[in-house]
Amino acid sequence: MIASVVSLPAGNWALRLLPLLAALLAGWMSTPASGQTMPGFYRAFGNTGTTRSRHVASTSEKFDLPASYVSASQFADDASLYAVSVSPDGMILVAVGDWGVIVRSEDAGKTWRNFASGVDAALCDVRFLNETRVVAVGGGYEPVTGLSRGVALASDDAGRTWHRVDSLETTKLHRMAIRNGFDAEPLPAGSIEAVGDDAEASRGNRFHSFDGGLTWLEDSAQSTESRTKLRDWLRQDVLVQASESARQTKGEGWRVRVGTHGLIERSTDDGQTWNPVRGAGRGAAIVFVVASEQSVPWALIGREALEMNRRVVVVMDSAEPADSDTVRKLGRLRHAAMRLGVGKTEWCSSQTSQRQPSADLLLEHQPAVVVLDSTLPASTRDAWVSATLDDSNFPLTASSIRKQPRRVYTSELQSDSAGNSSRSVALRSEALLSGRAVLAGDLALDAMMVVTPAMALPDSVVVSPVPGTSTELRRDLSLTGGLVLASGQQVGSGATDSASRRRLQIATARMSQLSRLKDLLRDPGLRPKELIDNLEVLLPRTASEDRTRLLYWLWTQTRAAAQHASSTKNVMHAESLVACENILLRTIVDAAPVDSVRRWADCLLQARQESFERSLVSMSQSQPEWLASNSNASRTRWSGSGSFSHEAVSNAVGESSVADQQSSVQPGAHWQAQSLSPFAVKPVAYESSVKSASSLGSGAAAGGLDGSLPKLSPMSQRTNWEYHPVVMAARRISGVGEAELDDDSTSASASPKRKLTALPNVESRPRLDCELDDACWSDLRWQRTDDLMFACVSDNEYLYVAVVDSGTPSGSHAGDTRPKALELWIDGDGDLMSSFRFWCDSRGNRRATVDGSARWQPNWYAALSGWGQTESSEGEAAGQTPSRGPRVLAEIAIPLTEILPRPESWSRFADQFAVRVRSSPSVVSDSGRSTSDKWTNGDNGRLASDFQAMPDPQHWRFYPMPRK
């Protein structure tokens, strides 16, 4: 009704308002529905009157996997509380927190009772609007896609009963305010505004309700200044959870505040002293300190919190200051930790703080055990060890009273390692947690699907004592084994549900099934038909709540195995695994019960089927070796006018005799000098693979599971997902970088569309000598992505990329050393879901892949300056260059025909392409094999975006297709 009034023309407005007035009058005269108050205009027309409130007819929304071993009721008394609000008469209080927990008091905060909310997501704020209407907001994050989803609840009886309202298009909402809480702009009387995460589609972060919290709309007219202001506020308020205004309220002669582990305290002297009225004596038994989201020991955390019932706190001690992306990154971390029973997840930065956050946090939580991430910087780790061993930081714990030594451990994620050191205790992923009837890897995978979905599950978590401390190493089931804990450091035993014998049998059977599947993926003779046969047997026997977890675990393991096979030049095995990836994506779409995972798999599968990069891989499988490596053939395919010639492709068809000859050659690697180059380049060695012409059968690669998969309801189409910039680009709806040309691409923009950077067209070909003294490299705006700087130019035949070290310590390399290797990513069709990857190191080793497939062998030329050594040169000695200033690392030339669609196809693909340059921690030995045969899960040089299932456009720079 309100929307129709807003859209009315100005003429005859008085007559058109009559239906609205009649509806409001009918609402006052109608019989109220179970005490529900009038939903809107209560401020304008008074606080009296009732009507039937509108319930949203929408399906229940889940933010995580339906894990049967975790129950929201288990955490009703122990969940952390984030906000509290008091009624206008000062007697009724409502507090909200994790797991949708709502507690209520009717005696000014002296006693409290739990009330059902109907949701299991975190509730971040609550407000009384009048004597009876209460609104609570919060939200969570979808698994795999990582999209932020908002939740809003309303109560019409002062918090006794709650119903979910229309907030389907909001992001996770952090704080509410009545009217002008966040901006000076006047708002209608009775309106509510809330601040949440940035929306994927519009980047807006403010939402309004004009009907008492029943419906929420994004503020599409939000100014850039207001958006930036709110984003800065979120970094301060949400990261450190320091909003006393939300966690504290007051009445006449008293104050009430809420906190971690369900603690509620009351003060009668204006906050001078506080007395606990709920959750007295509760504190953390274990504090886990992690350096980044990809090094969190989720299996160990889940075991301690869910299996051993220890109260756990997780602290992310970041070496970098907070930025605009940290809010959502920490939000996903908090969401996953909450699902594993973690009491609180905090953020701090020891590197940038003037105080000692380690000492402050230990004073607050008083843990008996501290577990430090092995990837923490040495200075940060030493600060935590020193603070843990300082008795002045532990005045109240049982360890201090009994003079027990506090334990300090380090944790490390490992793959292909049994943790057999005499001084280490390893928790294997296939370890059975009998109390929950679940595998330790299941707990880790559930969390990783939210925080780092593209990261392969580590085989084990290795725990070791910190050297130089008196920490004992006990092989008990808990890290606190042998310590006398305070009663408040562990959850009551009555809150744990015992696993049934049937679930124990199912979990035991899965242990052997996962081992067989992992061995199958590592078999060099793998054929996709074998995977299909295994899925046909395994899926019907898998419980519905485990099916998504199983399929996604298989996909991450297959993806990691494909990357490993590609890096070790096992071309046939890599191609088989790539085909298995597609099979698993189709199976996820058909069989995974979790809707967000199905949407992601469907979008990725569609993007791969229409990928320009993958089409070149398919074409290269039919090309003979001599034609694929002929530089003259590749150069003639792009004429000066920009037209594309099919002559080279047509010549490749029917050359089966040459392909048959090449199939008899064993796949391998050899080294040779770079030759037949159209450039004058420094002599470097490069890697050239001899491809086998054998290919997979199309029937096996496209096979399916006939009739064995359940029939699921159609995937829901959500606006935030459909208008996600990457999703639109993958579906050829709109390009991510579609915008006016603007050289200032590094400036922040509120628009979801990225700015295009001009691509200069040069007439004279630059010399590849790592000097950058050619005219084409002058007067350019250098782009900075991740941890390097680069610039691009082109002519009618080649794309030229110059890579420069920024001179700032970042990523995997220290301040006085250079990166071990470079990675150049080029997305020819602009969808960001499949791309070319060019890799080279300072010794001249090179390789090129497409999404893990090494069958594609393009012609490309690179001059490398040998940057692997420490910074020293004659120029620096003469004072010409700062000791950590920029230095040219590489000059690269790639034929346009190798990386960009032909001009007549630009209407089908985006009229743009994307480039990303970054350092790589990988190293190739003289034998052509990787120096480590382990499946790396958390290399120091990797970025957070490398472990996300949805690519981040922030790391790419977009260019228009080159024209003459």
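- Look at Asp78 and Arg311 and you find a salt bridge, because one of the NZ, NE, NH1 or NH2 atoms lies within 4.0 Å of a carboxylate O, short of that distance.
- By the 4.5 Å heavy-atom criterion applied to side chains, Leu550 and Leu514 are counted as neighbours.
- Panel note: side chain Asp197, backbone Arg328; no donor-acceptor pair is recorded below 3.5 Å.
- With respect to Arg436 and Glu307, no salt bridge is recorded, no charged nitrogen being found less than 4.0 Å from a carboxylate O.
- Remark: side-chain polar atoms of Gln366 are paired, donor with acceptor, to backbone N or O of Asn393 under 3.5 angstrom.
- Under a 3.5 Å cut-off, the side chain of Ser105 and the backbone N or O of Thr111 do form a donor-acceptor pair.
- The CZ atom of Arg502 sits 11.5 Å away from the CG atom of Leu504 when rounded to the nearest 0.5 Å.
- The pair Glu364-Lys344 counts as a salt bridge, with a side-chain nitrogen and a carboxylate oxygen less than 4.0 angstrom apart.
- Side-chain atoms of Thr249 do not come within 3.5 Å of backbone N or O of Ser85 as any donor-acceptor pair.
- The CG atom of Leu479 sits 5.0 Å away from atom CD1 of Ile286, with the distance rounded to the nearest 0.5 Å.
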Might you work through the side-chain hydrogen bond (donor to acceptor under 3.5 Å, both in side chains) test for Thr380 and Asp317, ending with a clear yes or no? CA-CA 8 Å; Thr380 302; Asp317 196 331; 4.9 Å; no

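- Thr556 OG1 to Leu445 CG: the interatomic distance, rounded to the nearest 0.5 Å, is 6.0 Å.
- Met455 pairs with exactly one of Thr452, Leu457, Val451 by the side chain to side chain contact (heavy atoms under 4.5 Å, CB included) rule, that one being Thr452.
- Between His335 and Tyr141, the angle of the ring planes goes over 60°, which puts this pair in the perpendicular group of the 30/60° scheme.
- Of the possible polar contacts, none joining the Ser460 side chain to the Val462 backbone as a donor-acceptor pair under 3.5 Å is found.
- For the pair His261/Val313, a side-chain contact is recorded, criterion being any heavy-atom separation below 4.5 Å from C-beta on.
- Remark: the backbone N or O of Asp382 is not paired with any side-chain donor or acceptor of Ser386 at under 3.5 angstrom.
- In terms of modelled atom types and a separation under 3.5 Å, the side chain of Arg278 and the main chain of Gly262 share a donor-acceptor contact.
- Judged purely by atom type and a 3.5 angstrom limit, Arg559 uses its side chain to pair as donor or acceptor with the backbone of Ala454.
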